Every structure is written in structure tokens, then in C-alpha cells.
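Only one structure is covered here, and it is reproduced in the block below.
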Amino acid sequence: MIETRNFRILRNVVLTILSLWVAVPLFVVVSTSLKPLKDVSGLFQWIPREITASPYLDIWSTVPLAKYFQNSLIITVCATACSVTVAVLAAYAIARLQFKGKRAFSLTVLSTQMFPGILFLLPLYLIFTQIRNMTGLQLQGSYLGLIITYMTFTLPFAIWMLSGYFASIPKELEEASMIDGTGRMGALFRVILPVAKPGIIAVAVYSFISAWGEVLFASVLTNEATKTLSLGLKAYASESDVFWNQLMAASVVVSLPVLIGFILVQKHLVAGLSSGAVK
Amino acid sequence: MSHSALDSGPAAAGSTAAVDPEPGKPRAASTPPVRKRRRSFLPYGLILPAAILELLIHIGPMLLGIWIAFISLTQLNLTNWLNAPFVGLQNFINGLNPDSTIGQAFFSTVGRTLGYTILVVGFSWMLGMAGAVFLSSNFKGRALLRTFFLVPYALPAYVGTIAWAFMFNQRDGAVNQILVDTLHLFGDERPFWLLGGNSFGAMVIVNVWQLWPFAFLMLMAALQNVPTDVYEAAAIDGATLWQQFRRITLPMVRPANGVLLMVMSLWTFNQFNVPFVLFGATSPKEATLISPLIYQNSFGSWNFGLGGAMSVLLLIALFIASVFYIRMVLPKGADND
């Protein structure tokens, strides 16, 4: 819009309100994470009376946070890597090749992306039980079981986003490569993948973020040994008193990996989301 | 909708002609027949892993989910569910009878979830639009502010909810510190925000906080296509800011809007994460949404048949919604195989 004086005033007011709306909860988290426990209960203080780093040291011993961190990392990285690998191949076929059943396959991917996890949780639980009865393979409470269930939401999303990316890459690039005799697969691996690298990384980061924050499957399919961060953080509140300062410090710590990743690939994520997922 | 994954189809088919050997490149001359034979298997090879996974983690479980609604599955036969007795429509009759308390709870939950969806999506859209309109103009610090607005969306979903759970805490929270201790709005009473009637509103606020950056992101992308000279022309003709917004901005984002609202509505309607972290496994009855209700029936009271029957209804509703969604996402011309 045209920047009249009124527009600038209105812009400053609106952007200030939006900034406060975003900032206040973030400020509460960070300031609480720096308070000693005695200052956390009772009347809330916006400016900490006393600043201490001890919550950041205590979080590791109050609950087995490092173990939860490790569990989350293993499950999230594996689910992301598997989804992206499988999705790259399928997305390329959707974006570039003609084949019978393509529409049915695309529709399946698109529609399953919208169904909530709650519809898959109980059936998957029963299937896991049956697998254990028949083969002795224990999937409940195992990394493998969680990785499989996490792919229910990371895979369709990755396929859909990546096919949007691939479709937006000029065909001339791989045609030139195929004229040089590389074949389809050669063109995919030597030409398309390097060009689409930012997009693939963005999809991987997005998958990572959504898997890192998952709660539903983890609440039923993990046990004490495989518990993820999303559930592990509850342990700070299990006593009669809630260790709010440590809970907030742990929240900061578990957010850092995804926040850093997000900021690094932000530009590509925005481009990918607006060209791939929503159009 | 110009470069959707599927509408590249006919163009891709046409382009194969361009791959034909060029004169003066003898090496390529012998390749076309080989490639042609290979091409018929290649697409299936490429989608095979994805198709197998889709079958194992989506299609199979979905069919099994429908089956569960028609058997009597309890905690006792959970590990031996293949032998659970078939009971026909009994689960639907027991659970969804509008005259029974369970049935009433189900139907009021569906209504509540719809209202929740409208509120959350409506507020998220308005905030996202406000942010997008004003961040589309150029000023110092714009890029930084844009990244900052996206932080609630990038945070792990449960972290944002934990922050709000602390703020809404009746005794120690920041919300009551402002409303009660600073503004003295409720006399000496400190209201509970996560219990009883207030919990619904609190949940709406938390969800809007997490969702609005997504609307902001998408609307921002849509607004980038609006040429500035259109606004200049309108301003010369004396159009007010509001008229410019109504007549130029809104029509320009309309194509992106349909899909954006649809996606946000589906996410919100299916919401589980926010109530689960805010309230625990059992939400206050004033704030129970459909996903948590199915969860409570299945893993709280171990009434799997009831949870299954509700799941089937949810599946049907979402299936109908997905038909509309797919019509929006896939252009009509891409109907060929």
C-alpha cells in the first residue's frame, strides 16, 4: 500500500501489538528460566529479582533429560531421513513422469496428509501387538515402532512439498543431462538433487520440527527407556510442586536445535511452503 | 496454481520429444529405444517404497480402524483382538445415541470443535493478514521482524503451550498478575483459566498464538505478487487505505485464501497437542475437542469400540472435507493419469 502518514502510524501500532503478542510468552519463558525456585512461586515478577543460571544446570539431574534428548534425536533424525529419502524418489515420479495410477497415488498422499494421528494410533497399536504375538518383535516402546508411526505424518508432507519443488525446476536442465547420456536416474541424482538441495533441506527441517514436537504417538507408544522430550518435560511437574524455572530452562534448551535450524533455512522453507504445500 | 506437481504432466510428456537425438550427437542416437522400455517401469520403481509405506502405515491402519468400530474390543481381548466378537452396529448405537449421555457428549463435542475451529482460524487469519499487509511495505528491521513473527510456529508445539500454561496458572501466572493484581479486574478473586468455562477461551488463545504465523507466512507470499503501481493508481484516484485493502489486497489473496483456510481448519479441527499439554490426558468438559475425546475413550476408559465408532464418523467427515480440499489444490486440467 501507499505509505501515507496514516499508513505509517497504523503500521507502527499494529506491528507493536503483534510484536508484544509474540514476545510476552517468550519473555516469560526466558525470564522464568533464570529465576531461583523461590522467586517462581507466588506473585509473578516480570523483572527477575535475582538472576541465576542454576536451573540450566539442574535440569539435567532432576529428570534424565539427556536420555530424553537422545531418544528424541534418534527417532526424529531417523524418521526424517527415511521420509525424505523415500519422498525424493516418489516426488520425482509425480513431478516428471507419466504413469498409470499416478493420480490415484497423488490423491492418496494428499488425503492421508489431512487425517489426524488419532485415527492411526489405535490401529497401529493393534498391528504392533499382532506383530509381537506372531514374531516376538516388540514395536511398542521401541525406537523402530515410533519411527514408523512418525512417518505417518512426515512422509505425505515431504512427498507433496518435494513434488512442488521438482515441478518448479526447469526441465531443460535434466534434458541436457539426458542428452549427454546419463539417463533418468543419472539426471535425477546428478542434476535435479543438487539443484533442489535447498528445498530438500527445508523439507527435512520441517519434518524434523513436526516430529520433534509430536505428543500423541509418543504418549502411548513410548516407555521409560524410549520416552521423548515432549513427554519427558512433564516430569518437572510430577511432584507436588512444579519446578517452573527448570521446566522453562528445559523448554529453552529443547527449542534451540529447531529454532536454529528454522532460522538457517527460513528463506527456503517459506518459498517451499508457499509453492509446494499451499497453492 | 501455475506449477503444481501434477499439471506438469502433459508438458513433461511433450518434452520427451525434445530428448530425441540431435544430429551430430551419435552417442545419443542409440539410446531412445532403451530408455523407452525402461521408462515404463521406472515410475513404479520410484514410487514403490512410498506406496508400500502408504499401504502399511496409512491404508492398512485406516481399514483396520473401520473394522474396530464393528467389533467388541476391550482391555481383556486387546492382545488377542483378532478373535474379538463382531457386534455389528452396536458400538454406534451405544455411543452415538443422542438420548444417552455419551451420545450427547459426542455431539456437543463435535459442535464445540467446529466453534473452536472457526474462532481459532478466524483470529489467526486476521492477525496473519494484519502482519502481512504491514510487513509488505519496506522499512528498516522488516526482515528481522518477519523472522521474529515466525518463532511461535517454529518452536516445538508443546513448548509454546507450556509457556502459556504457566502464564495461565491461577496462583503464579502472569495473566492473573496483570488482570487481578495490576488492573484489579476481578476484585479479590483470582480466576482459574485452565479449569471450567475459562479453559475453552484459554485454549483458543494458545492455539491462535501458535497458528497465526502460518497464516502470516502464506499471506505474505500471496501479497508479494501484488504490483505496487496498482496501489499508486488507486491512491491517485483518492481511494482510502481501507478501500485499497478491500478492493485490491483482498481480491489478490483470494486464490491463496481458499487452501490456506482449508488447511488451517483441518489442523485446528484435528487439534490434539494443545489440549493434551495444557490440560493433560483429560480435558475439562467445557474444552473437550474431538481428537482428545476419542483418545480419552480409547486410552482413558479403554472403550475402544466407542472410540472406533467416533473415529469412523470423523473419517467420513474428513473424507468429505478432503474432496473439497483436493479440488482446490489440484487444478481441474490435471485429471489425466
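All values reported here derive from a predicted model rather than from experimental measurement. Lettering of chains follows the sequences in order, A, B, ..., and the numbering in each one begins at 1.
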Near-ring test F319(B)/F115(A), centroid separation under 6.0 angstrom: no
Chain A interface, residue from I290(B), L46(B), D181(B), L73(B) that has the most non-hydrogen pairs under 4.5 Å: L46(B)
Inter-residue atom distance F262(A).CZ - Y153(B).OH, 0.5 Å rounding: 8.0 Å
Interatomic spacing from CD1 in I205(B) to CH2 in W21(A) - rounded to 0.5 Å: 6.5 Å
V40(A) portion near chain B, given a 4.5 angstrom heavy-atom threshold: both
Heavy-atom pair with the smallest gap, counting every atom of W212(B) and V22(A): CZ2-CG2, 3.5 Å
Which of L119(A), V29(A), V258(A) touches chain B most, by non-hydrogen pairs under 4.5 Å: L119(A)
Which portion of Q130(A) sits near chain B, non-hydrogen atoms under 4.5 angstrom: both
Nearest non-hydrogen partners of M114(A) and S322(B), listed with the distance: CE-CB, 2.8 Å
Under 4.5 Å from any heavy atom of chain B - which part of L259(A): side chain
Close side-chain approach of L231(A) and F276(B), heavy atoms under 4.5 Å: yes
Best-contacting candidate, L53(B), I248(B), N80(B), against chain A by heavy atom pairs under 4.5 angstrom: L53(B)
Chain B interface, residue from V215(A), T129(A), I148(A) that has the most non-hydrogen pairs under 4.5 Å: V215(A)
Residue part contacting chain A, namely of V208(B), when any heavy atom lies under 4.5 Å: both
Part of L223(B) within contact of chain A (heavy atom distance under 4.5 Å): neither
Interatomic spacing from CE in M185(A) to CG in L42(B) - rounded to 0.5 Å: 6.0 Å
Partners meeting salt bridge (Lys or Arg N to Asp or Glu O under 4.0 Å) with D172(B) (sequence neighbours left out): none
Side chain proximity check, N176(B) to F44(A), heavy atoms < 4.5 angstrom: no
Short side-chain to backbone donor-acceptor contact, W81(B) and L126(A), under 3.5 Å: yes
Which of L314(B), V151(B), N273(B), I294(B) touches chain A most, by non-hydrogen pairs under 4.5 Å: N273(B)
A174(B) versus V28(A), closest heavy-atom pair with distance: CB-CG2, 4.4 Å
Close side-chain approach of P43(B) and K100(A), heavy atoms under 4.5 Å: no
Residue pair V109(A), H58(B): steps toward the side-chain contact (heavy atoms from CB on, under 4.5 Å) verdict: CA-CA 9 Å; V109(A) 172; H58(B) 280 138; over 6 Å; no
Proximity breakdown for L318(B) and chain A, heavy-atom pairs closer than 4.5 Å: both
Structural part of W244(A) lying under 4.5 Å from a heavy atom of chain B: side chain
Non-hydrogen side-chain atoms of Y158(B) and L229(A) separated by less than 4.5 Å: yes
Side chain / backbone / both / neither for A23(A) at chain B, heavy atoms under 4.5 Å: both
Residue part contacting chain A, namely of T147(B), when any heavy atom lies under 4.5 Å: both
Polar contact flag, side-chain donor to acceptor under 3.5 angstrom, Y295(B)-S219(A): yes
Straight-line distance of T182(B) OG1 to W46(A) CH2, nearest 0.5 Å: 8.5 Å
Which portion of R8(A) sits near chain B, non-hydrogen atoms under 4.5 angstrom: neither
Segment of L63(B) engaging chain A (4.5 angstrom heavy-atom cut-off): neither
Closest-packed option against chain A by number of heavy-atom pairs under 4.5 Å, given A154(B), P49(B), A157(B): A154(B)
Least distance between heavy atoms, L15(A) atom then F139(B) atom: CD1-CZ, 3.5 Å
Distance, nearest 0.5 Å, that separates CZ of F41(B) from CZ of F99(A): 14.5 Å
Max heavy-atom pair count under 4.5 Å with chain A, selected residue of W267(B), F269(B), W209(B): W209(B)
Interatomic distance, S251(A) atom OG to L155(B) atom CG [nearest 0.5 angstrom]: 9.0 Å
F166(B) side chain reached by V242(A) side chain, heavy atoms, under 4.5 Å: no
Option in I263(A), T152(A), I209(A) with maximal non-hydrogen atom pairs under 4.5 Å from chain B: T152(A)
Part of Y125(A) lying under 4.5 Å from any heavy atom of chain B: side chain
Chain A contact via F299(B) - side chain, backbone, both or neither, heavy atoms under 4.5 Å: side chain
Top of I17(A), N12(A), L26(A), L155(A) for chain B proximity - count of heavy-atom pairs under 4.5 angstrom: L26(A)
S210(A), part contacting chain B, at a heavy-atom distance under 4.5 Å: neither
Among the listed options I159(A), N6(A), L121(A), the residue most often paired with chain B at heavy-atom distances under 4.5 Å: L121(A)
Partner chain A: residue of I162(B), L266(B), V323(B) with the largest heavy-atom pair count (under 4.5 Å): I162(B)
Chain B contacts, top residue of V254(A), L216(A), L124(A) (heavy-atom pairs, under 4.5 Å): L216(A)
Which atom of W164(B) lies closest to which atom of P25(A), heavy atoms considered: CZ2-CG, 3.5 Å
Considering all heavy atoms, the nearest G280(B)-K234(A) contact: CA-NZ, 4.2 Å
